[in-house]
Amino acid sequence: MKNVNKKWWKEQVVYQIYPRSFKDSNGDGIGDLRGIISKIDYLKELGIDIVWLSPHYDSPNADNGYDIRDYYKVMADFGTMEDFDEMLALLKQNNIKLILDLVVNHSSDEHQWFQQSRLSKDNPYRDYYVWRAGNNGEAPSNWPSFFGGPAWEKDEASGEYYLHYFAKKQPDLNWENPKVRENVYDIMKFWLDKGVDGFRMDVITLISKDQNFPALNEHQLNHPETIYSSGPRLYEFLDEMNTQVLSKYDVMTVGEAFGVSDDLAYKITDERDQKINLVFLFDIARIGRDNWKQNPWNLPELKALFAQQNNSDEFHWPTIFFNNHDNPRSVSKFGSMDPKYRVRSAKLLAILTLTQKGTPFLYQGEEIGMTNEVFKAIEEFDDVEAIGNYNQIIASGVTRETYLKELNKSSRDHSRTPMQWNNTKNGGFSEGEKSWFRVNANYPEINVENQLNDKNSVFSFYKSLLQFRKNNYNLIYGDYEDLCPEDQNLFIYTRTGTDKTYLIVLNMSNLEVTWALPHVYKNPEVIISNYHESSITPGQSTLKIRPWEAFICENS
Ligand code: ISL
Ligand code: CA
C-alpha cells in the first residue's frame, strides 16, 4: 500500500444537497434550510460525514443560485441567516461537516458590483467585470457561452460588451483586478469564520482569462472549456487564495475543474505544493458526452478511466462521483432501468462508488436509487442550459425530436426533480399545492419512507456500505488493481491494504457471465452482496456471475 498521507477529506463521504429540491418546510413549493434541518437525523441515519450545499446565497435564480446577488445573504426563498446558523450548529452536533459552494467566476448581473459597473466606463466598479469595445460593430471575439449564443453581451449604455461564459445574467468577474480577488477572499473568510469546513469551487479553473481573447477555431468552439480553463494566471490566483485564506484554516477544497488539462489539475492538487485538495474531473461521470448529446460508451473505456486516475502517485487523491446537479441520475446512465434489475443495479453502483479509490461524493436521492424523469416536450425543461442552447441547436438542423431524445439522456433537470420522501402529494417534498419543479412520476414507488425500514432497500444497502467503509483504511487507502480490464461486462478489482485484500466483483450487464477465480482467492468470503445467496461455493474455481450481481469478498 503506497504511503499515502492520511487526511479526513480523503476518508470521509460527501453528500451533495441541492437546497431548492431537497425539502420544503413552509409549503411554498421550494426547498429551504429549515427543510434541511428537518432531515439532519436522516443524514445521520444514512451515515454520511460531510454535506456539500449547493448555493444558498441571495440570487434571482437565473441559474438556480449559481448567479449570486449578495454573497453575505441567504436567499429569501431558502430562509434567514439564523436558519443557516442553526443548520450549521445542528450538523456539527451530529458530527457532520459542511462545505459551501463558492461561485466566484461570475456573479449575478443584479449584484451591486455589476449594477455599478454597468453605469459608466469610469465607474469605480467598472473593472470588477470584463468589458471590451466591439470590433467594427461585432463582439470583441468569437467566444461562445455555454448556455447558448455568444459569451459577449452588448451594453447599450456604454456601447461596450461584457463577458459571460454562462447566462447573460451571469457576468464574469475580472480576476485581473486585485480588488475583486480581495473581495472574494473576504467572502471566503466570512463563511469560514462561521465554522464552515471548506468549499466546492464552481468552475474555478475558468477564472483566469487570456486578455487577448484570441479567436477560437472550429474544434475549440465546440469545446470552449478547454481554452477557458487554461488561462495564464490560474495557478497564480489559486496560490494567492491559499496564502491569503485557505492556509489559515483546516478545510477541504474541491475544485470543479471543468475542461482543465490533466497536467494543470495534477499541478494544482499536488500535495507537495497543494492549492486545492481535490478536483472534479468529468471523464468518468460524463463518459460518452458530447455537449448535449449522450453517445454510447463501453465498460473497458470506463475501466481505463479508473485505471488512469488510480495510477497517480501518492501525492494526488481522486474524487468518485456518478451524479450531481448537472448530470443525469446514475441508475439511468450507468445502471439498468429494466424493472428486474433497477434496484440491483443501483446497489451495484453503490458498491462501485464506495469501494473505488478516492473521496466519494453522493448526490441527494442517489441513496434511494432515484432515476431520470421522462420529459415529453422541450417546454417541460427548466434548465437554463437546455433552453439557452435550444435555438442555436435547432438552427443547426437538429430536429426537436432529436434534441428532446438526447435531453432525456443528458439534461441537468433529471437531478433537479425534488427529493422523494414518501408517497404523499409532491412525494413528501412539499405540503404546498405544487412544487417549484415536477416530482418524478415514480415517487410512489421510489421514496425514502418505503426504504428506511426495508433491509433489502437501496437506502439500507448504502447505509451498510457506509458503515463498512468508515475508518476502513484497508479499503480507503488500499492499492487498486483491475483484474479484467478488457472484459465487456465485468468490472472486477482489488483493494489491497496493509493486512487485508478486498475483491470487488461487479457484473454491469444483463447477462450471466463466467469468470475464472484467480487461485489466490481460492476461499474468498463474501461479506456484502446485492444477491441473497452468494454465487461462490468454497473450492469452486469458475464463478457464474448473475446479471447486475455485485459483491465484496475479503481475503485475509
Ligand atoms: O457540464 C457542463 C457543460 O455543459 C455544464 O452542465 C455545467 O455548466 C458546467 O459543468 C459548469 O457547472 C457549474 O457552473 C455553472 C452552473 O450552471 C452549474 O450548475 C455548476 O455546477 C455556472 O455556475
Ligand atoms: Ca420553502
Side-chain angles (χ1 to χ4, degrees), residues 16 18-38 52 54-57 59 61-68 74-80 83 101-108 144-148 151 164-173 200-207 222-226 228-229 254-260 279-283 285-286 289-294 321 323-328 361 363 382-389 393 406-407 410-416 418 426 429-436:
Q16 181 190 357
Y18 193 70
R20 195 169 191 79
S21 302
F22 188 66
K23 174 67 182 157
D24 170 25
S25 72
N26 63 351
D28 65 359
I30 301 168
D32 47 54
L33 300 187
R34 300 215 67 81
I36 295 174
I37 287 171
S38 73
W52 153 24
S54 273
H56 67 288
Y57 319 91
S59 162
N61 289 305
D63 186 12
N64 288 354
Y66 283 90
D67 51 314
I68 296 170
V74 172
M75 187 189 305
D77 286 343
F78 290 163
T80 64
D83 296 332
D101 215 316
L102 186 71
V103 187
V104 289
N105 170 70
H106 49 273
S107 75
S108 164
S145 157
F146 292 113
F147 291 174
H164 60 90
Y165 282 162
F166 297 95
K168 287 176 192 159
K169 285 184 69 63
Q170 294 172 286
D172 279 54
L173 284 162
R200 175 265 186 184
M201 299 182 175
D202 189 63
V203 289
I204 196 68
T205 53
L206 306 186
I207 58 177
N222 205 22
H223 292 284
E225 67 276 9
T226 54
Y228 296 170
S229 64
V254 49
E256 186 193 25
F258 172 47
V260 76
V279 284
F280 288 144
L281 300 173
F282 290 89
D283 311 348
R286 293 168 69 88
R289 279 293 294 274
D290 176 11
N291 285 326
W292 49 278
K293 288 197 277 294
Q294 173 59 61
F321 66 101
N323 295 275
N324 62 21
H325 64 294
D326 290 335
N327 285 285
F361 284 73
Y363 180 68
D382 168 78
D383 179 9
V384 62
E385 180 177 40
I387 296 163
N389 281 304
I393 286 167
E406 290 304 319
L407 283 179
S410 67
S411 168
R412 307 196 299 177
D413 276 337
H414 288 303
S415 291
R416 295 158 184 210
N426 298 320
F429 162 73
S430 170
E431 305 293 317
E433 264 323 292
K434 65 194 287 298
S435 51
W436 76 275

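Ligands are counted one by one from 1 in listed order, and the atoms in each one are counted from 1 as well.
Here the heavy atom of the protein found nearest to atom 3 (C) of ligand 1 is F258 CZ, 3.3 Å. Among all non-hydrogen protein atoms, the one lying nearest atom 5 (C) of ligand 1 is E385 OE2, 3.4 Å. Ranking the protein heavy atoms by distance from atom 17 (O) of ligand 1 puts D63 OD2, 2.5 Å first. Atom 19 (O) of ligand 1 has D326 OD1, 2.8 Å as its closest protein atom, hydrogens excluded (heavy atom only). Taking atom 20 (C) of ligand 1 as the reference point, the nearest protein heavy-atom neighbour is D202 OD1, 3.0 Å.
Which parts of ligand 1 touch R200 is read off a 4.0 Å heavy-atom cut-off, strictly below it: atoms 20 (C), 21 (O).
Not a single heavy atom of R289 lies less than 4.0 angstrom from ligand 1. The closest approach between E225 and ligand 1 stays at or above 4.0 Å for every heavy atom of the residue. Within the structure, the closest approach of F147 to ligand 1 falls below 4.0 Å when heavy atoms are considered.
With a cut-off of 3.0 Å, the Ca ion (ligand 2) has no N, O or S atom of G79 in range. Not one N, O or S atom of S25 sits under 3.0 Å from the Ca ion (ligand 2). Here D28 reaches the Ca ion (ligand 2): one of its N/O/S atoms is less than 3.0 Å from the metal.
Vertex the Ca ion (ligand 2); arms to D32 OD2 and N26 OD1; angle rounded to 10 degrees, 90°.
Residues D63 and Q170 are in side-chain contact: their nearest non-hydrogen atoms beyond the backbone lie under 4.5 Å apart.
Using the six-membered ring where Trp is involved, F282 and F258 have ring planes that are perpendicular, over 60° apart on the 30 and 60° scheme. Relative ring orientation between F146 and Y228 is described as perpendicular, the plane-to-plane angle rising above 60° on a 0-90° scale split at 30° and 60°.
One finds the CD atom of E256 at 7.5 Å from the CG atom of N324 (value rounded to the nearest 0.5 Å).
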